[in-house]
Asker: 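Structure below; questions to follow.
In the text below, chain A, chain B and the rest are named by the order of the sequence lines, each starting its count at 1. What you are looking at is a predicted structure, and each value in this text was computed from that prediction instead of being measured. The figures that follow rest on heavy atoms only: side chains count, while hydrogens, waters and symmetry mates do not.
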Amino acid sequence: MTLKVFNTLGRKKEAFEPLEPGKVRMYVCGPTVYDSCHIGHARSVVVFDVIARYLRVKGYDVTYVRNFTDVDDKIIDKANQLAIEPQDVAERYIKEFYEDMDALNVERADIEPKATAHIHQIIRFIEHLMDEGFAYQTNSDVYYSVEKFNEYGKLSGRRLEEMEAGARVEVDIKKQNPFDFVLWKSSKPGEPAWKSPWGMGRPGWHIECSAMSCEYLGEMFDIHGGGKDLTFPHHENEIAQSEAIFKKPFVKYWIHNGFVNINQEKMSKSLGNFLMIKDAIKAYHPEAVRLFLLSKHYRSPIDFTEKAMDEASAGLDKIYSLFERTVEKVGLATVGDTEPGDCWEKFCEAMDDDFNSARGVGILFDTVRKVNRTLDQNNGELSSELQTAILTIQTDILRIGQTLGILLESPKTYFDKKRSKVLQQKSIDPSVIENLIQERNAARREKNWEKADEIRLRLQDLNISVEDRPEGTIWKITN
RNA sequence: GGCGGCAUAGCCAAGUGGUAAGGCAGCGGUCUGCAAAACCGCUAUUCACCAGUUCGAAUCUGGUUGCCGCCUCCA
């Protein structure tokens, strides 16, 4: 099976062939740490987390770099607002980033460099650009001259001449071309500043990624990712910087994820509709958030709504419920005990097609239904063949879960946590529930159906549904 | 103004030349004291619209309409 990847550079799917066989070097633009992460950050980070996991599953030796932009105007603004140091702002939000991403089961990147820890490399990079004639100094600022780079615009499909016609960019008189961008910015008193050949200042935004990707991945590497909005100007500028110096293709595959809307609206400051990760995971299980994010293709926009999240939660319940059943029948295997089966192979086919996790999720539910059917049809003892078959499928589902970063809890833990969360929210003592269930079962034994049903209705009002199973009554939280 | 994307059932969503995955909701059934859960069946002759290419198109081409994104250091 060959993996195909949609490359923004060229805008088509291409067979994935890393520069060095068996190795993948990938760089993803991380956040500018001036505020809490919102659901849009979550999508980008989760999508690339899954891409990295899948590449590893495919057997590639992956080196994954994701940076933190920890020096920036917005960080400085925030520091002024809070009357603290910019680096404290950055530290605070890096800490929050980890809290959010850990909750979402995002694996750490192999290297997570910060811009401020690479000032030396950045300055050297800029010097290099000056030497090669791609940059110029005005007062104490250094700019990149886009006109010097012939291929400027090749990633985003723009041409300098065409852009100028309708550009709304305010013309900065210090720039030779309105699209020239700052490489080194002189500092005002009190701002973070480093000594440089051009005076005290700080790096522009784009240069850190060129400098740090080179530092950790070399002059050329395989995958560079980020949100769609970064295509222009950020990634276009990175190409201009890196290719100007190294005179060869900077990145082989550019991957960009689509945006998250909230109730069909773009998240924006003016609408005040930013959904922060920490709030989303208060309301929903983090795995439900992941399942939601992965149930649509990564390049399409996705709409965050309460309904969509309820459906994702219900879907997750459905899978964990299946595990409850299979664990009882065949026990819980761990990935590695069993050879991958058909289900896993179909999932891989989907993922091989430009990481089509949406199709993969479809296959997951398809499989869940098949196992439930098998269990329904074989109510009594399972033959050893069936047990083995179910174990294989169960393990496939777990394998898929590991790739998508879901299904990492035991069904018991999952449902227990869900229960206690809701009970806590509603300040209900679980023993009250248990007592009601006992009372209802007593009524049922006496065939007092009226009383039993009345108790069931009372529980329903508390968002609790009861299931009378052959082996006893259990209760669950409904969404 | 420039560049790009999208339009598939009530809703969400796969599907890039071979006769419409999956989820949610709905209806009917099996199971059940009744339910719930699970399963089975039904639910798009049709993929925004028009024209074209082809033996054959949701998929390719041209056009129309509608929505959205980027061109603002927003993932």
Asker: So what does A:Gly227 hit on the nucleic acid, given a heavy-atom distance under 4.0 Å: a base, only sugar-phosphate, or nothing?
Answerer: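 Result for A:Gly227 = sugar-phosphate.
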Asker: Less than 4.0 angstrom between a side-chain N/O of A:Asn356 and OP1 or OP2 of B:G15, yes or no?
Answerer: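 Indeed, a polar side-chain atom of A:Asn356 lies that close.
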Asker: Mind telling me whether A:Tyr152 and A:Phe232 have parallel, tilted or perpendicular rings, with 30° and 60° as the class edges?
Answerer: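 If you compare the ring of A:Phe232 with that of A:Tyr152, the planes turn out perpendicular.
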Asker: Walk along nucleotides 3-13 of chain B from 5' to 3' and tag each nucleotide B, S or - by protein heavy-atom contact under 4.0 Å, base first, then sugar-phosphate.
Answerer: SS------B-S
Asker: Could you please name the partner base of B:C42, counting Watson-Crick and G-U wobble pairs only when both distances are under 3.5 Å?
Answerer: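 Pair assignment: B:C42 / B:G26.
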Asker: Nearest whole angstrom, please: distance from the C1' of B:C68 to the NE2 of A:His256.
Answerer: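 After rounding, the gap between these two atoms is 18 Å.
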Asker: How is A:Val45 classified with respect to the nucleic acid when contacts are heavy atoms under 4.0 Å: base, sugar-phosphate, or nothing?
Answerer: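 Since no nucleic acid heavy atom lies under 4.0 Å of A:Val45, the category is nothing.
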Asker: Suppose you measure atom C1' in B:A48 against the same atom in B:C42; what distance do you get, rounded to whole Å?
Answerer: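 Each nucleotide's C1' atom is 27 Å from the other's.
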Asker: Under 4.0 Å between any heavy atoms, over every strand shown, what does A:Lys4 touch: base, sugar-phosphate, or nothing? Just pick one.
Answerer: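 No contact.
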Asker: How far does the C1' atom of B:A20 sit from the matching atom of B:A9, given to the nearest Å?
Answerer: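 My reading of the C1' atoms in B:A20 and B:A9 gives 11 Å.
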Asker: For B:C55, give the paired nucleotide (Watson-Crick: N1-N3 plus N6-O4 or O6-N4; G-U: N1-O2 and O6-N3; both under 3.5 Å), or none.
Answerer: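 Across all strands, the one nucleotide that pairs with B:C55 is B:G18.
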Asker: On a whole-Å scale, what distance lies between the C1' atoms belonging to B:G23 and B:G33?
Answerer: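 Here B:G23 and B:G33 have their C1' atoms 32 Å from each other.
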Asker: Heavy atoms from C-beta onward define the side chain here; which of B:G15, B:C71, B:A75 lies closest to that of A:Asp353?
Answerer: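 For A:Asp353, the side-chain atoms sit closest to B:G15.
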Asker: In the strands shown, is B:C67 matched to any nucleotide by a Watson-Crick or G-U wobble pair with both distances under 3.5 Å, and which?
Answerer: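 Its partner is B:G5.
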Asker: Would A:Thr473 and A:Asn441 count as having a side-chain donor-acceptor pair, cut-off 3.5 Å?
Answerer: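 The answer is yes; a qualifying pair exists.
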Asker: Distance between the P atoms of B:C74 and B:G4, in whole angstroms?
Answerer: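 After rounding to an integer number of Å, I get 24 Å for this pair.
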Asker: Check whether the side chains of A:Tyr93 and A:Asp70 place a donor and an acceptor atom closer than 3.5 Å, and report yes or no.
Answerer: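 Short answer, no.
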Asker: Using the P atom as the point on both nucleotides, what is the distance between B:G62 and B:C3, in whole Å?
Answerer: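 Comparing P positions in B:C3 and B:G62 gives a spacing of 15 Å.
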Asker: Could you tell me how far B:G66 sits from B:C49 if I compare only their C1' atoms? Round to whole Å.
Answerer: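 It works out to 10 Å between them.
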Asker: Atom CD1 of A:Ile262 and atom P of B:C68: how far apart are they, to the nearest Å?
Answerer: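 Those two atoms, CD1 and P, are 16 Å apart.
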Asker: From CG of A:Leu291 over to P of B:G22, roughly how many Å is that when rounded to an integer?
Answerer: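 From A:Leu291 CG to B:G22 P: 17 Å.
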Asker: Roughly how many Å apart are B:C6 and B:A58, using the C1' atom of each and rounding to a whole number?
Answerer: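 Between the two C1' atoms, the distance is 14 Å.
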Asker: Would you mind reading off the distance between A:Glu238 atom CD and B:A75 atom C1', rounded to a whole angstrom?
Answerer: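 To the nearest whole Å, that distance equals 14 Å.
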Asker: Mind checking if A:Asp73 touches a base, just sugar-phosphate, or nothing, with heavy atoms under 4.0 Å?
Answerer: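 The residue A:Asp73 makes no contact with any strand.
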Asker: May A:Phe259 be described as stacking on the base of B:A75, applying a 5.5 Å centroid limit and a 30° limit on plane angle?
Answerer: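 The ring of A:Phe259 is stacked on B:A75.
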Asker: Below 30° counts as parallel, above 60° as perpendicular, anything between as tilted: where do the rings of A:His235 and A:Trp254 land?
Answerer: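 Taking A:Trp254 first and then A:His235, their aromatic rings sit tilted (interplane angle of 30° to 60°).
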Asker: Does the side chain of A:Tyr64 come under 3.5 Å of the side chain of A:Asp49 through a donor N or O and an acceptor N or O?
Answerer: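 No.
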Asker: Is A:Val47 touching bases, backbone alone, or none of the nucleic acid, heavy atoms closer than 4.0 Å?
Answerer: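 Result for A:Val47 = nothing.
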Asker: What is the separation between atom OH on A:Tyr144 and atom P on B:C73, rounded to the nearest whole Å?
Answerer: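 Roughly 18 Å, once rounded to whole Å.
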Asker: Is the positively charged end of A:Arg43 above the ring of A:Phe292, judged by distance under 6.0 angstrom from the centroid and angle within 45° of the axis?
Answerer: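 Here A:Arg43 fails the 6.0 Å and 45° test against A:Phe292.
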Asker: Using whole Å, what does the distance between atom P of nucleotide B:C74 and atom NZ of A:Lys266 come to?
Answerer: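 So the NZ-P distance, A:Lys266 to B:C74, works out to 10 Å.
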Asker: By the definition salt bridge (charged side-chain N to carboxylate O under 4.0 Å, His left out), identify the one residue from A:Lys476, A:Lys418, A:Arg419 that meets it with A:Asp317.
Answerer: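 It is A:Lys418; the other options fail the test.
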Asker: What's the CD1-P distance between A:Ile319 and B:C24, to the nearest Å?
Answerer: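 My rounded result for the distance is 10 Å.
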Asker: Over how many whole Å does the gap from A:Glu265 atom CD to B:C68 atom C1' extend?
Answerer: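 Roughly 13 Å, once rounded to whole Å.
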Asker: So, do A:Tyr98 and A:Phe68 have ring centers that fall under 6.0 Å from each other?
Answerer: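 Yes: the rings meet the under 6.0 Å criterion.
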Asker: Please check if any side-chain donor atom of A:Thr231 sits under 3.5 Å from a side-chain acceptor atom of A:Ser156, or the reverse.
Answerer: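 Per modelled atom types, A:Thr231 and A:Ser156 side chains form no pair under 3.5 Å.
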Asker: Report yes or no: is the cationic atom of A:Arg66 (NZ for Lys, CZ for Arg) closer than 6.0 Å to the six-membered ring centre of A:Phe48, at no more than 45° off its axis?
Answerer: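 Because its charged atom misses either the 6.0 Å distance or the 45° angle limit, A:Arg66 does not stack over A:Phe48.
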Asker: Over 60° means perpendicular and under 30° means parallel, so tell me whether A:Phe304 and A:Tyr284 are parallel, tilted or perpendicular.
Answerer: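 Rings of A:Phe304 and A:Tyr284: perpendicular, over 60°.
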Asker: In whole Å, measure the gap between the P atoms of B:U59 and B:C50 for me.
Answerer: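 Their P atoms lie roughly 12 Å apart.
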Asker: Both A:Tyr298 and A:Cys29 contact RNA chain B. Taking the nearest nucleotide for each, which residue is further toward the 5' end?
Answerer: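 Result: A:Tyr298.
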Asker: Please encode protein proximity along nucleotides 30-39 of chain B as a string of B, S and -, counting only heavy-atom distances under 4.0 Å.
Answerer: ---BBBBSBS
Asker: Return the nucleotide paired to B:G62: Watson-Crick means purine N1 to pyrimidine N3 with N6-O4 or O6-N4, wobble means G-U with N1-O2 and O6-N3, both under 3.5 Å.
Answerer: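 Pair assignment: B:G62 / B:C50.
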Asker: Decide if the gap between the ring center of A:Phe97 and the ring center of A:His41 is smaller than 6.0 angstrom.
Answerer: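 Ring-ring flag for A:Phe97/A:His41: false, centres at least 6.0 Å apart.
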